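Please read the structure below before turning to the comments.
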Number of protein chains: 2
Amino acid sequence: MLKNGKSVLLDVNSRRYYCQVELAMDLLGGKWKGVILWYLQGDTLRFTELRKRIVTISEKMLIRELRELEKAGLITRKVYPEVPPKVEYSLSDFGQTLAPLLSAVSDFGMSYALKFGQQVEE
Amino acid sequence: MLKNGKSVLLDVNSRRYYCQVELAMDLLGGKWKGVILWYLQGDTLRFTELRKRIVTISEKMLIRELRELEKAGLITRKVYPEVPPKVEYSLSDFGQTLAPLLSAVSDFGMSYALKFGQQVEE
DNA sequence: GGAAGTACTGATATATATGTCAGTAGCTGC
DNA sequence: GCAGCTACTGACATATATATCAGTACTTCC
């Protein structure tokens, strides 16, 4: 809410949000988007490389999430005209501005795990 | 992945995560948790006050999310033995450590809206 | 005695997210 | 000519998240 008691509305891609946090969580939420962005930080990765790093994701979901992140302007997809196919994913310039967010998320996850969880190596 | 090629597993509340970002997003994800935490930053709010601020949330969801955030140790619930009931919600000490995360999320949402959206006042 | 206020609960419905499985194109190497 | 590689696609099933609606307890105030 603003000082005058009115609410700020954000219209983005035909969706309406009442708060910038709502918008951000809609873009980054879900089970995998954060993880994908995290692995793409500072790295350019091929589809298969991403799949190997994100152990438990299904190919189906990985593709879908990559498409959505691309549509949102956060990542870039580069196709090489080769056989077998080669496609590289990386953060877009705008996606790079996620750096502080991603490291805050990572820090939080880590300190939560240290506080409440057990850590196991396999 | 660690340097030795092994993956770090996190066991938290009987759930297994392969990455701290995955854990964090599981705790904070969904449509409302981020917004709730955002409004509780620096404020202690009653149930009804929260509901008024988060215009479009249903009571059902607000209660459920508050319960989960409490269970996760991120917020504190204080009940006053009065009639009509009075219950106050605020960030726990640990929840306060979300400050940098929340402001990064808010900043990102704002800059995304400025870049791709229209802003409307109602 | 009846309405109003607060913080809920529960049943049920719907929507969205995620998973599983099978299959494909085009080239390479055997 | 057949398997293998890569980055996918589509049909379908299931799980989870979210919404809608009705109702409740206890007190105060009129």
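To find a chain, count down the sequence lines: A is the first, B the second, and so on, and within it residues start at 1. None of these values were measured; they are calculated from a predicted model.
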Within residues 78-88 of chain A, find the residues that approach DNA chain D with a heavy atom at under 4.0 Å, and present them sorted by residue number.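 DNA chain D contact set from residues 78-88 of chain A: A:Pro84, A:Pro85, A:Lys86, A:Val87.
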Would you say the side chains of B:Glu88 and B:Thr44 form a donor-acceptor pair under 3.5 Å?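 Side chains of B:Glu88 and B:Thr44: no pair found under 3.5 Å.
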Tell me if a side-chain donor or acceptor on B:Glu22 pairs with a main-chain N or O of B:Tyr18 at a distance below 3.5 Å.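 Indeed, once roles are kept as given, a pair shorter than 3.5 Å links the two residues.
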Counting side-chain heavy atoms from CB outward, which of D:dC8, C:dC8, D:dA19 is closest to B:Glu59?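 Selected nucleotide: C:dC8.
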If you only use heavy atoms from C-beta on, which nucleotide in C:dC8, C:dT20, C:dT18 is closest to the side chain of A:Lys60?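 That would be C:dT20.
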Hey, does [X] reach any base, or is it just sugar-phosphate, or nothing, if we go heavy atoms under 4.0 Å?
X: B:Glu68; result: nothing
X: A:Arg46; result: sugar-phosphate
X: B:Arg67; result: sugar-phosphate
X: B:Arg77; result: sugar-phosphate

Just how far, in rounded Å, is [atom2] of [N] from [atom1] of [X]?
X: B:Glu22; N: C:dA17; atom1: CD; atom2: C1'; result: 15 Å
X: A:Arg51; N: D:dC8; atom1: CZ; atom2: P; result: 11 Å
X: A:Trp32; N: D:dA15; atom1: CH2; atom2: P; result: 17 Å
X: B:Leu69; N: D:dA17; atom1: CG; atom2: P; result: 13 Å
X: B:Leu62; N: C:dT9; atom1: CG; atom2: C1'; result: 14 Å
X: A:Lys52; N: D:dT6; atom1: NZ; atom2: C1'; result: 11 Å
X: A:Met61; N: D:dC12; atom1: CE; atom2: C1'; result: 16 Å
X: B:Arg64; N: D:dA19; atom1: CZ; atom2: P; result: 10 Å

Check this for me, if you would: do A:Asp26 and B:Lys31 make a salt bridge, where the nitrogen-to-carboxylate-oxygen distance has to be below 4.0 angstrom?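 No, A:Asp26 and B:Lys31 are not salt-bridged.
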With rounding to the nearest 0.5 angstrom, report the OG to CH2 distance, B:Ser106 to B:Trp38.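 Going from OG on B:Ser106 over to CH2 on B:Trp38, the span is 3.5 Å.
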Is there a path of hydrophobic side-chain contacts, each under 4.5 Å between heavy atoms of I/L/V/M/F/W/Y residues, joining A:Val79 to A:Phe47?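 As far as the 4.5 Å side-chain criterion goes, A:Val79 and A:Phe47 are connected within one cluster.
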Find which nucleotide of DNA chain C each of B:Thr48 and A:Ser58 is nearest to by heavy atoms, and output the residue with the more 5' nucleotide.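 The residue mapped nearer the 5' terminus is B:Thr48.
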Nearest-nucleotide 5' precedence on DNA chain C, B:Leu66 against A:Thr56: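 Upstream on the strand: B:Leu66.
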Given side chains that start at C-beta, do those of B:Phe108 and A:Leu27 come closer than 4.5 Å, heavy atoms only?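 Answer yes - side chains close enough.
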Can you tell me how the ring of A:Phe94 sits relative to the ring of B:Tyr112, calling it parallel under 30°, perpendicular over 60° and tilted otherwise?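 A:Phe94 and B:Tyr112: tilted rings.
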